[in-house]
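The structure appears below as structure tokens.
Only a predicted model underlies this, so the values are computations on that prediction, with no experimental measurement involved. All ligand and atom numbering here is 1-based and tracks the order in the structure.
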Amino acid sequence: MSGVMSRQPSNWARNIVFGAGELRTPSSVGELQEIVRGSDRVRALGSGHSFNRVADTTGVLVATSSLPPTVEIAPGGSAVRVAGGVRYGELAQRLDAAGFAVGNLGSLPHISVAGACATGTHGSGDANQSLAASVTALEMVTAGGELARLERGSAEFAGAVVGLGGLGVVTAMDLEIVPAFAVRQFVYEDIPAAAVVDHFEEIFSSGYSVSVFTGWRSGSGQRIWQKQRVGVPGAAGGGRRSWLGGRLADGPRNPVPGMAADNATEQLGVPGPWHERLPHFRLAFTPSSGAELQSEYLVSREFGGAAVEALARIGDRIAPVLQIAEIRTIAADGLWLSMAFERDAVGFHFTWVQDDAAVTPAVSAIEDALAPFAARPHWGKVFTAPPETVRGLYPRWNDFLALLRRYDPAGKFRNEFMNRYFPPEA
Ligand SMILES: Cc1cc2nc3c(=O)[nH]c(=O)nc-3n(C[C@H](O)[C@H](O)[C@H](O)COP(=O)(O)OP(=O)(O)OC[C@H]3O[C@@H](n4cnc5c(N)ncnc54)[C@H](O)[C@@H]3O)c2cc1C
């Protein structure tokens, strides 16, 4: 256990310095319960990969990575019980070694399971839901220091899984698992921009998980990263030399143009285990570019093409501060605060240069452009949408607020971010 900080903790991207007075690293759930019971303000910290103040607190920040890294596969492989602070990459290695998998992963394996689920993190794939949708039960230390277990099907469960850290510190989750599977990854480049709108359905149904990368610059080619399950015939692309006016990449690529491909997962159609292909970035390397900010918006699937066109119209405002942008698809789920709540979605992701002042106008321009499509901002990334707009995007907003009041009546887990989007007096 530790309370002394040599320097103020910050998030992974170092654009947020947390306001915590203390950073604690409990080594047991019992110790965590004591910390929560004895604190007026407390907040769980996962792997710190969020880009805004969602994980911040003015009180005690509790690192969940110090808790025992439990991974227990249920007999018969019906589910896995995993400690909240375990990173997806570590979980994946344990599952794969036992012949199992989770259905999907985000673009990086470095994020903690509970932290990723808390913000509605997702990968890509027409049939793939957000990572949180695979949770069948969660256990958390609540404001009084007690342990609570919520199971799928109970009244509050769908509100608690994407919980933004506001209901308690999640110590363990049960996740659905499937038999391990193999994936091969192809990259196509120099695809004309018009093809993304004209062939939207063909592109995103062409693999188990598909991403389009773009710089939102007119005249420049788009790239498609296509992850196909081995043994399941791909609908299109899939290793042919040319597709949609573009061509198969002749060497490994990095999603961020100009960066070496070393930190990217293997491509060129080489089959490999699911967890070494579904993320774009390898666990042993720094993901993405490191010096960056990120934003992302999810719109209803039917608006995918129109949203592409709306963003293309403001490409000249996006491109100068952009490192790379990505378009993905996400299947609907029933989790109240999921960005894909009750609608199949298209995600528009932006990796920015790390310059708040330069990026904010581009973020606002995107929010204006996507407003007609009721775009939901990613909870863990940079956005400027006012609270009343965000509130209007979530039909179960009131129910979540009631859950916050019930689990955290004194506001122990609250922070500036929660108070802004879920004001206690609302
Ligand atoms: C390079 C990079 C790539 C990314 N790629 C994707 C992507 O492909 N798809 C996507 O959707 N997002 C992506 N993200 C965003 C990222 O997945 C989310 O920000 C996610 O929440 C990070 O998980 P974390 O463990 O770092 O959580 P943190 O940032 O540490 O915390 C996020 C929230 O979860 C809460 N929390 C953490 N642990 C617990 C716990 N045990 N109990 C209760 N609450 C908890 C925190 O209090 C906070 O509110 C990316 C981020 C980076 C930096």
Under 4.0 Å from a heavy atom of Arg328: which atoms of ligand 1 are those, numbered in the order shown and with their elements?
7 (C), 8 (O), 9 (N)
Among Ser124, Gly115, Ser50, closest by heavy atom to atom 37 (C) of ligand 1 is Gly115
Ligand-side contact atoms (ligand 1) for residue partner Gly106, heavy atom cut-off under 4.0 Å
8 (O)
Donor-acceptor side-chain pairing of Trp352 and Ser295 below 3.5 angstrom:
yes
Ligand 1 contacted by Lys381 (non-hydrogen, < 4.0 Å)
yes
Would you kindly say whether Gln294 and His378 are connected by a side-chain donor-acceptor distance under 3.5 Å?
no
Taking non-hydrogen atoms only, is Arg43 closer than 4.0 angstrom to ligand 1 via side chain, backbone, both or neither?
side chain
For ligand 1, which atoms have a heavy atom of Thr119 less than 4.0 angstrom away?
18 (C), 20 (C), 21 (O), 32 (C), 33 (C)
As an exercise, identify every atom of ligand 1 less than 4.0 angstrom from a heavy atom of Ala116.
20 (C), 21 (O), 23 (O)
Side chain or backbone of His110 under 4.0 Å from ligand 1, or both, or neither, by non-hydrogen atoms?
neither
Atoms of ligand 1 less than 4.0 Å from Ala118 heavy atoms?
34 (O), 35 (C)
May I ask whether Gly165 places a heavy atom under 4.0 Å from ligand 1?
yes
Is Gly85 near ligand 1, meaning one of its heavy atoms is under 4.0 Å from it?
no
First locate atom CD of Glu266, then atom CG of Leu268, and finally report the distance between them rounded to the nearest 0.5 Å.
7.5 Å
Nearest heavy atom to atom 2 (C) of ligand 1, choosing from His49, His378, Gln294, His349, belongs to Gln294
Tell me the closest heavy-atom pair linking Gly251 and Arg253, and the distance in Å.
O-NH1, 3.2 Å
Quick look: Trp379 vs ligand 1, heavy-atom contacts under 4.0 Å, and the answer is neither
Does a donor on one side chain sit under 3.5 Å from an acceptor on the other, for Asn415 and Thr57?
no
Is there a donor-acceptor contact under 3.5 Å linking the side chains of Glu72 and Thr70?
no
